[in-house]
Structure formats: structure tokens, C-alpha cells
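Chain A is the first sequence line, chain B the second, and so forth, proteins listed ahead of strands; every chain is numbered from 1.
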Amino acid sequence: MKSEEIMEICMRRGFIFPSAEIYGGAAGLWDYGPLGTKMKNSWENLWRKHFLRLDPNFYEISTTNILPKPVFEGSGHLESFNDALAECNSCHSRFRADQLIEEKLRISSEGMNLDEIKKIIKEKNLRCPRCGGDLNVKFFNLMFRLELGAGESVKEAYLRPETAQGAYLAFKRAFNILRNKLPIGLAIIGKSFRNEISPRQGFYRLREFHQAELQIFFDPDKMNEHERFDEIRKKKLRIYSIEDRGKETREVKCEDMDLPKFYLYYMSKIQDFYLEILKLPKEMFRFRELDENERAFYNRIHWDFELNIESLGGYKEMGGIHYRTDHDLSGHQRVSKENLMVNINGKKFIPHVLELSFGIDRNLWALLDLGYEKEEERTVLKLPVNVAPYFCAVFPLMRKEELVKKAKELYNIISSEFSTMYDETGSIGKRYRRQDEIGTPYCITIDYDTLENDTVTLRDRDTMKQERVSIKEIIEILNKKLR
RNA sequence: GCGGCUGUAGUGUAGUGGCCAGCACUUGGGCCUUCCAAGCCCACGACCCGGGUUCGAAUCCCGGCAGCCGCACCA
């Protein structure tokens, strides 16, 4: 199995491993090791560089993981981010209570609280569909609950289930600080927490995970305009719409898409991130439109973007681009009683939100999956050059004093510019293979010719070909490869 | 959460009541070596956790934890 082989490398080489492993670990909790942390940092920095530059009024903020209970009344998570589970007392089968009610009684249970659901199941005498046993109804909220403080002053709080809320809560002040302009973008890269009932699929569904999200607040009257739309008008998006189900992914020019220009602009920039920044093969990427059952009720327009991940059995969600309307700000305005309207040239309104949301952990797994190749002679991780934990490695051909000295000198120079590994142990072949396995794109070897003419060999991970280059030019050459 | 299978160095495995718990790869050190996991020597390193049965448990029993598969769940 490919996923096990990748996981084996990840654990052996220090990309990721189970949290609290010496105590047996815990499902859905993973640590990043030395190499995984480098890779994650690189990915996050690429994301920042690409998305924060899209508008001069986009900024990154950093907000807390813990938020007091009323926040989630405003956001709707207390009411909606849970499932009423009906468990049979005799056969212990479990069912979604809301689905049961809808199927059997043909009425919508939306917005019902636990007592109402319990009452209806009792009144209508709903029984276990499997064995006819009694049903016991419980709420499973997917948020982790905490207590702030102690004793009588204790306050109920929750770990955030998405980074987004931090941006909505900070909106009023940030808008003011950033001089009352729309659109305004608030990005958050950080952790989120969901108490998944049963996290499976290894590294794909986690209980504590990382998100990179950008909340763009804008004037809904201007949704069908973007000042730079002309730049992307002819760009083809790879899409898999609701009508395309069962068919192939299509490529459609932005100008031919039946979506608002503001939305299309950011779709196109997301595709750029995967195809131009990370340089992934385009066949691996697509946007997938969600139907009404799949998307949250507040998302007016919702496309996921997916990568084709062999170890997870096909196209998998890497993130989504969500038009959330004014759902969040209005909810917070209603519960907090703060006025969250903006006043632009005398027009007062609650801005609407376009959310670009990325799951970082699963994106990294996708890169490991797409890069993993088992060749006849070697195992190699063909990671994008800009996220590989090490960009290059420096070796003396042999452990001879004069070669080692020269290699260390070169290492000192290069490592100030690039993430660089130095290695002098074992044979040169073994060192190349070691770097292949952790995805280092370039290896530089100092040999006896180096001592004569100041040239080194530069070896390419993917082709294993070497070229002889001058030390004087090495930084410039490497810089070109990184671009 | 339920059912089935499983758990021995970093990895893959051998060991079914008494073994100094064996092997290979990996890792570290040494010799050798002028470019792709060569060879030789040395070293580090494991019975998932807890309880029980037994003179004696990696091995049998119970519980827990974790993994895989199926069911359920996945805003």
C-alpha cells in the first residue's frame, strides 16, 4: 500500500509521527518532526507570499485558539456544528437523528434542539431501523469544550473549529485600523480543532490540524467586478461542476464561467498556486462544485479544490472557496450587539465574505503522495523544489581532509542562502540516495577537480544527471532553479 | 462507537510456555574507496501498556491503547 510506504518514510525520516507515541498515541493527533516542520514552514511561506500579495489591503493576523462560548452562538457552531446521534439501546447501531426524522416522517429537523428531537422521536415512536430497539438520542458537538477560570467565575469556552472566526471577530477593529477600505483581507494561519468521532485515513482527517484561511470582506454590490479581471479573463480553470458528475474534468475560460468575477479571480489565483507556484501536473488538480446537500447552508457559492491523491483513493479536498454572504458578521452583530456595519461614502451595509480555506496538513500529505516514486534502484520524493525540507546538500566526495575542508567552506556559504544539508558519511552513492528519499532537489559534490579549478558537480534529484559548475556561479545557478 | 484481523529494535521480520529474544536493512564509529544504497570490523537498539494464570509468559487469559478492513460518522 502506497500510503503505508509513504508513512514509513515520514516516520523514519522525521516528517510526521504520532503524538504522545510513547503513551500509545491518540487517533487524529500527529506531530511534525524536523523535516516535516521545515516543509510546513516553507508551504506556509509560499502561501503567504502568493495570497497576501493579491491585494495591498490583505494582511495576516494571528488570533486565539480559545474563544468564549457566545462567539459560537454568533457563528452558529453551537447550534449547527453538531450531530444528534440516535443510538439503539439493544444493537448499538448509530444513526443521524435528523436524517432519521427526515426519512421516516418527511419533516425537516433543521434548527431543532436536542429536546425537540428527543420529543419528536418519542412522540412518533421512532425505533431502530435495524432491530426495532429503543433509541437513545445524544448531541455530539464537534467542538472541544473548555472552562476558563475556576469556581464561581468559570466561563465556558471552546477551541475554535476553524480559524475563520478570529478574522470575523477582529473585523471591526482591523477595518478601522486599516483605514476603512473595502475589500479588506484578513488571513490566519493556525490551528483548528474538531473532535471527530472517529478520525481515520491516517493523516487526512485530524482532531488538531492546521489551516491557512483568507477572509475577504467586500461590498456585495461589487461582486461581479474585479479590477484585475482582464488578467485572468482568458485563463482556463479546470472544473468539475455538478453537471459534470460522472464525466471528465473540463477546462473552461474564466470569461465563460457562470460565476461572479470577484469569485473567479480568486479561483484562478488558487489554481495558480498549485500549477505555477508548486508546479504540480495540471491533471492532478480540479475545482469541484458542491451540491446543496454537501455545502453548509450559509455558503451561497461553494467549490472545493482537489488533488488526485493515489494513497487516499482519488480526488480529495484540499480546501474550498466559499461565498459566505454576510452570515458570519450578521450573526456576530446579532449576538454581540456590536454594530458591524461599514459606512462607505454614506452607504451603510454589512460586508460580505469570500473565504479561501486550505487544510495545510492534507496539502502536505498530497505533496508527499504526488512526489513519492519507487524506482528500480531507489525511492525518491519528487517534492516541489520550494517546499522540500532541504533545497540542496553539500558533500565531499570522500572523507579526505582537503575535500572535507573545501566542502565545509562551501556549505557555510550556501547554507546562508538555502536550506542546506551537509553529509560526509558512507559512500557518495549512499548519500545521494539518502537525499533522494527526503526529496532534496540538488546535491553538490566537492572532488579533486574542485581543488584544481574551483568547480563542483551539481546533481539533479529527478534525472540523477550531473553538471559541472563553477563555485563562483553556484548561488546564482541555484537561485534560478528555485524560481 | 460496533464487528473481524493485528501489535517483537527506526523499518521489515523469526521465534506458540524455559532462547544470552535470532536475522536483514537503517543509524553511529573505524578501515577501504576519485560520483550513485559495494566490501570488511565494531557499536547502539525491541517483545504496545496494565492485570491475571504458571515454578516460569514475547508466547495462554482478561482489560486498555493503537493500527488495518467493513458498518456508522465526516459543519
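- Distance, A:Glu437 CD to B:U27 C1': 13 Å, rounded to whole Å.
- Atom CZ of A:Arg13 is separated from atom C1' of B:U27 by 9 Å (rounded to the nearest Å).
- Residues from residues 403-414 of chain A with heavy atoms under 4.0 angstrom of RNA chain B: there are none.
- A:Trp303 and A:Ser241 form no side-chain donor-acceptor contact under 3.5 Å, judged by distance and modelled atom types alone.
- Checked for salt-bridge contact, A:Glu162 and A:Arg324 meet the test: a charged N lies under 4.0 Å from a carboxylate O.
- Atom C1' of nucleotide B:G28 and atom NZ of A:Lys430 are separated by 11 Å, given to the nearest angstrom.
- Using a 4.0 Å heavy-atom criterion, one finds that A:Glu377 contacts the bases of the nucleic acid, with or without backbone contacts as well.
- Whole-Å rounding puts the A:Arg205 CZ to B:A72 P distance at 13 Å.
- Put simply, CD on A:Glu4 is 16 Å from P on B:U6, counting in whole angstrom units.
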Pairwise N/O distances under 3.5 Å, protein to nucleotides 11-13 of chain B:
unit_1 : atom_1 : unit_2 : atom_2 : d
B:U11  : O2'    : A:Glu8 : OE1    : 3.4

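- What separates CD1 of A:Ile16 from C1' of B:G67 is a distance of 14 Å, to the nearest Å.
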*Where do A:Tyr323 and A:His302 land on the side chain to side chain donor-acceptor pair (under 3.5 Å) test, with the steps shown first?*
CA-CA 6 Å; A:Tyr323 171 38; A:His302 182 165; over 6 Å; no
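- Counting heavy-atom neighbours within 6.0 Å of A:Arg12 CZ, excluding the residue itself, gives a total above 12.
- Rounded to whole Å, the separation between the P atoms of B:G51 and B:C40 comes to 44 Å.
- Screening residues 19-38 of chain A for salt bridge (Lys or Arg N to Asp or Glu O under 4.0 Å) gives no qualifying pairs among residues at least two apart or on separate chains.
- Atom pair A:Glu467:CD and B:C35:C1' shows a separation of 15 Å (rounding to whole Å applied).
- When only modelled atom types and interatomic distance are considered, A:Arg286 and A:Tyr274 share no side-chain donor-acceptor pair under 3.5 Å.
- Taking atom P on both B:G15 and B:C60, the two are 13 Å apart, rounded to the nearest angstrom.
- A close approach under 4.0 Å does not occur between any side-chain nitrogen or oxygen of A:Arg434 and OP1 or OP2 of B:U26.
- Between the side chain of A:Arg459 and the base of B:C36, a donor-acceptor pair under 3.5 Å is found.
- Taking the six-membered ring for Trp and the full ring otherwise, the centers of A:Phe395 and A:Tyr432 sit less than 6.0 Å from each other.
- In terms of position on RNA chain B, the residue among A:Ala27 and A:Thr425 whose nearest nucleotide sits closer to the 5' end is A:Thr425.
- Taking atom C1' on both B:G10 and B:G17, the two are 30 Å apart, rounded to the nearest angstrom.
- A:Arg431 places a side-chain N or O within donor-acceptor distance of the main-chain N or O of A:Pro396, the cut-off being under 3.5 Å.
- Ring centers of A:Phe358 and A:Phe51: under 6.0 Å apart, within the cut-off.
- Rounded to whole angstrom, the span from the CG atom of A:Asp423 across to the P atom of B:G28 amounts to 7 Å.
- Nucleotides B:G67 and B:U11 are separated by 16 Å at their C1' atoms, to the nearest Å.
- Comparing B:U59 with B:C48, their P atoms sit 8 Å apart, to the nearest whole Å.
- B:C23 sits 15 Å from B:G45 when the P atoms are compared, rounded to a whole Å.
- Scanning for side-chain hydrogen bond (donor to acceptor under 3.5 Å, both in side chains) contacts around A:Arg13 gives A:Glu437, with sequence neighbours left out.
- For A:Lys405, the side-chain contact (heavy atoms from CB on, under 4.5 Å) partners are A:Glu409, not counting sequence neighbours.
- Between A:His210 and A:Tyr32, a ring centre-to-centre spacing shorter than 6.0 Å is recorded.
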Each nucleotide N or O in nucleotides 30-34 of chain B that has a protein N or O under 3.5 Å away: list the pair and distance.
unit_1 : atom_1 : unit_2   : atom_2 : d
B:G30  : OP2    : A:Arg399 : NH2    : 3.2

